[in-house]
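Have a look at the structure below, then the notes.
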Amino acid sequence: MKTYIVGNWKLNFTVGEASIYLHKLLKALPNYRDIDVVVAPSTIALQPLSLQVDRHKIKLAAQNAFYRDYGAFTGETAFSQLRGVADYSIIGHSERRYIFGEDDKMIAKKVAAAIRNRITPILCIGETESERAFGETADVIRDQLIGGLSEVADDNVDKVIVAYEPVWAISSSKVAKMATPDEIAEVVKLIRANLKEVYGEKTAKEIPVLFGGSVSPANAGAYLMVPGVNGLLIGGSSLILSEFVDIIETAKRTRS
Ligand code: PEP
């Protein structure tokens, strides 16, 4: 299976800054066949960057989009409009869930809309600090995972990437504690067990599971070695070119 290194730029960089970053990143990277390097700029930068990018080296992801393909939905961008522009889309990021009130039902529709439009969904799931403290992690993971996949036909579930992002480990969260490899391994095991129970062993093995939460050059190697982890979703560190390149090179070393 490939390794996925995904940078989530969130609400950072003007279109010009994003273009300069991409230019430098393209120059810094060889073509790693077994690593998919993905960056997720703001929606406004996706189209110009899609003309600039060398897709053999780097792919583009949307950070969010709307599940209806057209219609009276002021201010939204549809997955159908991103077709051919973005190869991936982050869906259900905790900032979408907790700042913009997205629930599992809406997220499920977005996952299905992405697949319908040939965009690979990166479905983010993860418990908050208090859910973990109350022993609810397994339930939250199951609800968000199975809920998020509920609108996808069974034979399309293997088109999804899952990202485990404990909310308490994300650098912008109030607590931002670093997850230990053991904590991650336990939840990744749970994710695959749930996938196996609902969709069967083959699908459970085929779906890439990424980890995200304060990933940096200092911990990327350890996180990539966690059994069952197929890549990383990176916020803060992906904004610093040298750190992002360092993490990609770590991924390359970890694989070989
Ligand atoms: C994220 O927001 O998806 C994320 C993982 O951020 P950070 O790496 O900054 O914790």
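On a predicted model such as this, the values are computed, not experimentally measured, just so you know. Heavy atoms only: backbone and side chains are in, while hydrogens, waters and symmetry mates are out. Just so you know, ligand 1 is whichever comes first in the structure, and atom 1 is the first atom listed for that ligand. Residues take their numbers from the sequence shown, with the count starting at 1.
Interatomic distance, CD of Glu102 versus CD1 of Ile91, reported as 9.0 Å (0.5 Å rounding). Ile184 contributes atom CD1, which lies 9.0 Å from atom CE of Met178 (distance to the nearest 0.5 angstrom).
Side-chain contact, Thr250 with Arg253: a donor N or O sits under 3.5 Å from an acceptor N or O. The closest side-chain donor-acceptor pair between Glu127 and Trp168 falls under 3.5 angstrom.
Here the protein heavy atom with the shortest distance to atom 1 (C) of ligand 1 is His93 NE2, 3.1 Å. Remark: minimum distance from atom 2 (O) of ligand 1 to any protein heavy atom is reached at Lys10 NZ, 2.5 Å. In terms of protein heavy-atom proximity, atom 9 (O) of ligand 1 is closest to Ser171 OG, 2.4 Å. Nearest protein heavy-atom contact of atom 8 (O) of ligand 1 is Gly235 N, 2.8 Å.
For ligand 1, none of its N or O atoms has an N or O atom of Ser172 under 3.5 Å away. For the pair Gly213 and ligand 1, the shortest N or O to N or O distance does not fall below 3.5 Å. Looking at ligand 1, you won't find any N or O of Leu233 less than 3.5 Å from one of its N or O atoms.
Follow the hydrophobic side-chain contacts under 4.5 Å out from Phe73 and you reach Tyr67 in the same cluster. A continuous path of ILVMFWY side-chain contacts below 4.5 Å connects Val226 to Ile35, so both sit in one hydrophobic cluster.
Taking every non-hydrogen atom of Gly236 and a distance limit under 4.0 Å, the qualifying atoms of ligand 1 come out as 7 (P), 8 (O), 9 (O). Atoms of ligand 1 lying under 4.0 Å from at least one heavy atom of Glu165, given by number and element, are 1 (C), 3 (O), 4 (C), 5 (C).
Side-chain N or O atoms of Lys196 include none that pairs as donor or acceptor with a backbone N or O of Arg192 at under 3.5 Å.
By the 4.0 Å heavy-atom criterion, Ser237 is excluded from the residues contacting ligand 1.
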